Amino acid sequence: YKSKFLDKNNNENWLGTTQFEPTAARYAFPCWDEPNFKAIFSISIISDKKYLRISNEKGLEENILDHGKVETKFVDSMVMSSYLVAFVIGPLEVTEIGKVKDTLVRIVHRPGFGKDTKFAGQAALKILEFFEDYYEINYPGSKLDLIAIPDFAMGAMENIGAVTFRESLLILDEESATRSELSRSVTVIAHELAHMWFGDLVTMNWFDDVWTKEVFAGFMGGKIVNPAFPEINHDLRFLSNYASAYGVDRSQGANQIRQPLENLNMAGTLYGSIIYAKAPVVMKHLELMVGEETFQKGMQTYLSTYPFENATWPDLIKILDDLSEEDLTSWSQVWVDEPDRPTIDIDIKIDENGRILNFILEQSDPKKKNRKWMQHFNLRLGYDERDNIHPVFMNKRRVTVHDVKGLPLPNYILPNGKGVGYGYFKMDDASRSYLLANLPEIKDPMVRGTAWLNIWDDMLYGHAIPSQAVSYTHLRA
């Protein structure tokens with residue numbers, strides 16, 4: 001399609017670029033425009049000599065033609081899906097950033113903006129190196145261009161070797177850009193480069209698994225972005241997923257993460273709060289379930305088993321299942337293939353001295369299907385001087401938390417004390433009353449955020465008085 005931009009002298013310029021995901025490659029060339037019809041693409045581009053010509057792979061040769069035209073032939077692509085094909089032609093400039101092993105990294109941009117590519121370019125080098133080390137598989141393309149498209153409607157697109165971005169993500173003055181703008185740039189670059197392996201090298205068999213590549217790319221991106229910006233409370237940002245996901249999952253019309261798709265024309269209907277908000281939580285739960293080392297080993301095995309091929313979410317789960325002691329097939333069935341969330345109740349008994357005699361957490365299925373949601377979370381007991389945190393593995397219907405026995409009754413109890421667990425965590429009356437009265441004075445924003453989610457749920461289910469919750473909302477403002 002045609003893309004318009006203004007140069008530094010406000011002159012109007014045009015370039016040609018592509019955005020083929022999910023099914024637009026068919027408008028550019030005849031093809032089986034489905035992700036499981038992978039092929040090698042031999043691409044050549046003819047344009048006026050004055051224009052830059054870019055595609056997925058590095059240039060192989062150039063031939064001078066009549067009438068001021070030039071033909072650029074590119075190295076054959078790796079075996080890949082049609083939605084990843086890309087080409088860009090226009091009055092653009094290239095700034096070479098550096099190399100990671102044999103991979104040359106460049107940023108392509110409007111003329112005159114090379115000096116503003118340093119931040120994004122250096123981030124790309126570090127991210128590429130990180131992923132090669134994490135996956136233990138070299139970057140699969142022959143070069144890596146990050147292309148700044150001035151009027152790009154999307155955030156970015158993971159075309160192998162020719163990753164297109166909204167211009168503001170790559171062209172930044174590091175001295176004047178805000179921390180939020182810098183963080184956003186690194187986040188999106190990390191997300192797209194994670195796709196070079198998880199999505200491009202190994203591709204979903206069908207768009208019912210498009211959520212997998214998107215969520216995994218975001219999850220992997222966080223592994224390098226979060227340490228780079230320690231001043232940002234990343235756990236609190238992650239907590240923002242829950243309200244959106246809960247808004248769907250508490251309803252009778254909730255949908256599962258992995259949804260059937262019979263026609264690619266309906267692919268756009270798969271997106272929503274469950275994909276963008278619940279699925280990241282589930283991916284985090286998966287890593288907690290198997291452990292970081294097993295999770296990494298599973299990713300490496302998955303990528304080395306299916307390079308240049310298609311694979312499915314069940315293929316990945318089987319690999320991790322073989323590496324883990326947990327029953328991940330059953331775990332995936334309830335978390336990924338079905339909608340809804342568990343209800344977690346507290347059953348606490350206190351002795352005559354006001355100390356905890358027995359503490360049980362019990363999960364139930366809101367739709368009476370006898371499902372169990374296995375997950376790790378942390379019980380928080382809040383006292384005047386400090387809070388006690390107790391890890392919980394909810395792998396059964398009823399779980400006894402033995403290490404709280406003998407502790408004094410706390411001011412409040414938050415079963416999901418670090419905000420990682422997913423479900424309706426019912427609050428006892430004493431905890432709810434205490435938090436409604438004292439929440440603004442609690443210093444830890446994660447505790448406040450987690451408690452607020454619980455209070456809001458309680459109100460919607462009729463266990464908290466709406467006027468109290470509304471009054472607290474005004475306090476927060």
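All values reported here derive from a predicted model rather than from experimental measurement.
- Here the side chain of Asn56 pairs no donor or acceptor atom with the backbone of Gly161 at under 3.5 angstrom.
- No hydrogens or angles considered: nothing links the side chains of Asp209 and Thr312 as a donor-acceptor pair under 3.5 Å.
- A donor-acceptor pair shorter than 3.5 Å can be found between the side chains of Ser142 and Glu57.
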Working for side-chain hydrogen bond (donor to acceptor under 3.5 Å, both in side chains), residues Thr203 and Asn310: CA-CA 5 Å; Thr203 309; Asn310 298 88; 4.8 Å; no
Leu239/Leu453 under side chain to side chain contact (heavy atoms under 4.5 Å, CB included): CA gap, chis, key distance, verdict: CA-CA 9 Å; Leu239 189 67; Leu453 282 172; 3.7 Å; yes
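- A cation-pi arrangement is absent between Arg250 and Tyr424 under the rule of less than 6.0 angstrom and at most 45 degrees off the ring axis.
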Steps toward side chain to side chain contact (heavy atoms under 4.5 Å, CB included) verdict (Phe165, Ser185): CA-CA 10 Å; Phe165 290 83; Ser185 171; over 6 Å; no
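- With hydrogens and angles disregarded, no donor-acceptor distance shorter than 3.5 Å links the side chain of Lys58 to the backbone of Phe74.
- Here the side chain of Thr18 pairs a donor or acceptor atom with the backbone of Phe87 at under 3.5 angstrom.
- Atom CZ of Arg26 has more than 12 neighbouring heavy atoms from other residues, nucleotides or ligands inside a 6.0 Å radius.
- By the 6.0 Å contact criterion, CG on Asp133 is enclosed, its count of non-hydrogen atoms from other residues, nucleotides or ligands being greater than 12.
- More than 12 heavy-atom neighbours from other residues, nucleotides or ligands sit within 6.0 angstrom of CD on Glu61.
- Summarising the local packing, CH2 of Trp32 is surrounded by 12 or fewer heavy atoms from other residues, nucleotides or ligands at distances under 6.0 Å.
- Within a 6.0 Å radius of CD in Glu12, more than 12 heavy atoms belonging to other residues, nucleotides or ligands are found.
- Proximity of a side-chain donor or acceptor of Ser44 to a complementary backbone N or O of Lys73 within less than 3.5 Å is not detected.
- For Asn388 (side chain) and Arg386 (main-chain N/O), no donor-acceptor pair under 3.5 Å exists by modelled atom type.
- Ion pairing between a basic and an acidic side chain is recognised when a charged N comes within 4.0 Å of a carboxylate O; Arg110 and Asp7 show no such pairing.
- Side-chain atoms of His191 and Glu214 form a donor-acceptor pair, as typed in the model, at a separation below 3.5 Å.
- Asp387 pairs in a salt bridge (Lys or Arg N to Asp or Glu O under 4.0 Å) with only one of the listed residues (Lys418, Lys443, Arg380), which is Arg380.
- Aromatic ring centroids of Trp373 and Trp331 lie 6.0 Å or more apart.
- Heavy atoms from other residues, nucleotides or ligands lying under 6.0 Å from CD of Glu175 number 12 at most.
- Here Lys38 does not pair with Glu309 in a salt bridge; the nearest charged N to carboxylate O distance is not below 4.0 Å.
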Audit row: Phe130, Tyr135, ring-ring contact (aromatic ring centres under 6.0 Å, His included) steps and yes/no: CA-CA 9 Å; Phe130 172 84; Tyr135 298 130; 8.3 Å; no
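- Counting only N and O atoms by type, the side chains of Thr23 and Asp33 include no donor and acceptor under 3.5 Å apart.
- Counting non-hydrogen atoms of other residues, nucleotides and ligands closer than 6.0 Å to CD of Glu441 gives a total above 12.
- With hydrogens and angles left out, the side-chain atoms of Tyr422 and Asp249 include a donor and acceptor closer than 3.5 Å.
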Criterion side-chain hydrogen bond (donor to acceptor under 3.5 Å, both in side chains) on Trp14 and Ser3, from CA distance to verdict: CA-CA 6 Å; Trp14 293 87; Ser3 175; over 6 Å; no
Intermediate values then yes/no, side chain to side chain contact (heavy atoms under 4.5 Å, CB included), Leu15 and Phe5: CA-CA 8 Å; Leu15 58 87; Phe5 69 89; 3.7 Å; yes
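- Side chain of Asn255 to backbone of Gln259: no donor-acceptor contact under 3.5 angstrom is found.
- A side-chain contact (heavy atoms from CB on, under 4.5 Å) with Met289 is found for exactly one of Thr294, Leu328, Leu320, namely Leu328.
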ring-ring contact (aromatic ring centres under 6.0 Å, His included) between Phe198 and Phe216, worked out: CA-CA 8 Å; Phe198 209 97; Phe216 185 82; 3.9 Å; yes
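- With ring centers used as reference points, Tyr27 lies 6.0 Å or more from Tyr1.
- Between Lys2 and Asp151 there is no salt bridge, since no side-chain nitrogen of the basic residue lies less than 4.0 Å from a carboxylate oxygen of the acidic one.
- For Arg237 and Asp235, the salt-bridge test fails: no basic side-chain N is under 4.0 Å from an acidic carboxylate O.
- The residues Lys297 and Glu136 are annotated as not salt-bridged, no charged nitrogen and carboxylate oxygen being separated by less than 4.0 angstrom.
- We find that Lys118 and Glu174 are not joined by a salt bridge, their nearest charged nitrogen and carboxylate oxygen being 4.0 Å or further apart.
- Of all heavy-atom pairs between Lys69 and Ile46, the closest is CB-CG2, 4.2 Å.
- Between the side chains of His109 and Thr117, not a single donor N or O lies within less than 3.5 Å of an accepting N or O.
- When atom types are taken as modelled, the side chain of Glu71 and the backbone of Glu62 share no donor-acceptor pair closer than 3.5 angstrom.
- Trp452 places no side-chain N or O within donor-acceptor distance of the main-chain N or O of Val447, the cut-off being under 3.5 Å.
- With 3.5 Å as the limit, one finds a donor-acceptor pair spanning the side chains of Asn138 and Lys101.
- Side chain of Tyr276 to main chain of Val215: no donor-acceptor pair is present (N/O by atom type, distance under 3.5 Å, no hydrogens or angles).
- Judged by a 6.0 Å distance limit and a 45° cone about the ring axis, Lys8 is positioned over the six-membered ring of Phe113.
- At least one donor-acceptor pair under 3.5 Å links the side chain of Asn416 to the backbone N or O of Gly421.
- For His195 and Asp200, the side-chain atoms include no donor-acceptor pair closer than 3.5 Å.
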